[in-house]
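Here's the structure, in structure tokens; my notes come after.
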Amino acid sequence: MTTIFAESTPPGRGGVSIVRVSGPDARRVTERLAGKLEAARFCYYRSIRDGDDLIDRGLVIRFDAEASFTGEESTEFHLHGAPVVVRRLERALSEAGCRRAEAGEFTLRAFSSGKMDLAEVEGLSDLLSAETEAQRKLAASTSSGKLGEEVEAWRQALLRTGAMLTAAIDFADEEIPDDVADGVWRELQSVRTRLLAELEGFPARERLREGFEVALVGAPNAGKSSLMNAIARKDVAIVTPVAGTTRDVVEFRADIFGLPVTFLDTAGLRETDDLVEGLGIERARARAEAADMRLFVGGVTEAARGLERAGDLFVETKGDLTGDPEAVSSVTGRGLDQLLKRIFEALNERLLGTGLSSHLRQAEAIGMAAEALELEISAPPEIVAEAVQEANRHLLRLVGKLDVEDYLDVVFREFCVGK
């Protein structure tokens, strides 16, 4: 396997730049540039030279294979954060026989060496792209291996039942004690119940990872665009007294008390002969139906009938004009914080409960394992044993220990170089 390198800090000018090296020649090449590194996981302050050329003075660290991120011999150069310094070091590494890493290749090597399972890799990818506190917490739990630990607990329960079933099949001529048969059934039902509980919260966790969508819905001039601008604290939507000003869906992504929320300002819903406005209204209805929540501004008009869903919210605006103490004012901001809190509470309620899976691939594997365990209590031991093996195979796929090749390109596509 070749030795790879990449800058792990964002490229550009900064205080410090870190260049990682991983592979069989990592220590040899690094010591050629920075001198002997006797102790692992120790910071050496060294002159980094390519022959007689002083590249920089900085910290150098080496990691033994068993204690490194990738599971290979690895080193790090902590340099002054100047792009020209990094480029000079990278040239020296290339000339020493190393090659530049592909996106996500360090993590791929960690997965290949067994340092991480596939669920941890997906969690790490989510952590690197997290924008809000709630996303960070979910990704940190998954990247730390908690989902893998849960999967292992399910698998251990299945292995126990498999062992009891094997004994029952091997001694088919003898009567199976009732307590053994009951124990097998209880264990399988317990695992299936836990799998279904994990699946129940998946849609909300998937939305958390990708971001919730809240559509502002209402009649023309109900105050949707003004409310959108007030939430954004800047002009993201055009506001005029002319009905039908908003023709296309305007989006604004916000952090609402740690939740990622994209607000959608949609065209006012009404009957119209205007072709362009009509297209905008069709698009508005489609986006509103697909959104996680609809915020009806000014009540539900006849044109908006059929869009209502459980969990939707309703708000009156233009409180500065109407004098309604319950109405939000997009001009003064009165009631805006309370509205955002209502939105947060309604969306956050969907996340209550335990659960870690947030990728469709994970949910599909869990769902297929649960489906395999959907058995009749009178099923013969041979049928039950095969179902247990099938469920176990799906759980192995979840953590990337079986038939993983088809997923790797998709999983690592979003990784940055240097990670």
Side-chain angles (χ1 to χ4, degrees), residues 117-123 126 134 137-169 176-210 292 310-311 346-404 407:
D117 64 40
L118 195 56
E120 287 179 274
V121 169
E122 289 169 322
D126 293 341
K137 288 181 177 179
L138 177 62
S141 294
T142 310
S143 64
S144 67
K146 287 187 176 180
L147 180 56
E149 292 171 5
E150 190 70 15
V151 170
E152 185 59 25
W154 297 333
R155 289 191 60 247
Q156 287 302 318
L158 292 178
L159 290 174
R160 287 194 297 271
T161 60
M164 288 188 283
L165 287 165
T166 299
I169 294 169
I176 304 171
D178 290 340
D179 60 337
V180 173
D182 290 344
V184 168
W185 182 251
R186 283 196 303 271
E187 190 83 270
L188 291 181
Q189 290 306 299
S190 174
V191 172
R192 187 167 186 272
T193 298
R194 290 152 65 188
L195 293 172
L196 293 176
E198 177 67 33
L199 278 180
E200 186 177 2
F202 165 73
R205 291 190 298 273
E206 183 184 38
R207 295 309 298 155
L208 170 60
R209 187 173 62 81
E210 297 178 351
D292 300 289
L347 293 175
N348 192 56
E349 188 175 352
R350 307 180 189 187
L351 297 171
L352 297 180
T354 58
L356 293 164
S357 57
S358 59
H359 286 255
L360 180 60
R361 183 195 68 80
Q362 298 167 358
E364 287 177 341
I366 293 170
M368 287 186 285
E371 185 178 348
L373 297 178
E374 189 176 358
L375 299 161
E376 295 291 337
I377 193 170
S378 58
E382 293 83 0
I383 299 298
V384 179
E386 178 57 35
V388 168
Q389 290 181 12
E390 182 182 351
N392 189 51
R393 285 194 293 270
H394 291 307
L395 294 178
L396 286 172
R397 289 190 182 96
L398 195 160
V399 292
K401 295 182 179 179
L402 188 67
D403 299 340
V404 71
Y407 301 122

Counterpart residues, salt bridge (charged side-chain N to carboxylate O under 4.0 Å, His left out), relative to Glu206 (two or more places apart): none
Pairwise side-chain contact, Glu390 with His394, heavy-atom cut-off 4.5 Å (strictly under): yes
Contact summary for Arg397 and Leu402, nearest pair of heavy atoms: CG-O, 3.4 Å
Residues 366-381 side chain polar contacts: donor-acceptor under 3.5 Å, at least two apart:
none

Taking every non-hydrogen atom, the tightest pair across Val388 and Leu158: CG1-O, 3.5 Å
Any pair counted as salt bridge (Lys or Arg N to Asp or Glu O under 4.0 Å), so long as it reaches residues 140-156, sequence neighbours left out: Glu152-Arg155
Donor-acceptor under 3.5 Å (Thr193 side chain, Gln189 main chain): yes
Atom pair NE2/CD of His359 and Glu364 - distance to nearest 0.5 Å: 12.5 Å
Ser143 versus Gly123, closest heavy-atom pair with distance: CB-C, 3.6 Å
Between OG1 on residue Thr161 and CZ on residue Arg186, distance to nearest 0.5 Å: 12.5 Å
Any residue meeting salt bridge (charged side-chain N to carboxylate O under 4.0 Å, His left out) with Glu200, in chain and number order, not counting sequence neighbours: none
Shortest non-hydrogen contact from Leu351 toward Arg205: CD2-N, 4.1 Å
Shortest non-hydrogen contact between Leu188 and Val384, atoms and distance: CD1-CG1, 3.4 Å
Heavy-atom pair with the smallest gap, counting every atom of Ser358 and Leu138: CB-CD2, 3.9 Å
Distance, nearest 0.5 Å, that separates CZ of Arg160 from CG of Leu165: 13.0 Å
Asp117: partners by salt bridge (charged side-chain N to carboxylate O under 4.0 Å, His left out), with sequence neighbours left out: none
Contacts of Glu122 that satisfy side chain to side chain donor-acceptor pair (under 3.5 Å) - sequence neighbours left out: Arg361, Gln362
Spacing of CG belonging to Asn392 relative to NZ belonging to Lys401, to within rounding of 0.5 Å: 10.0 Å
Atom pair CG/OG of Leu195 and Ser357 - distance to nearest 0.5 Å: 10.0 Å
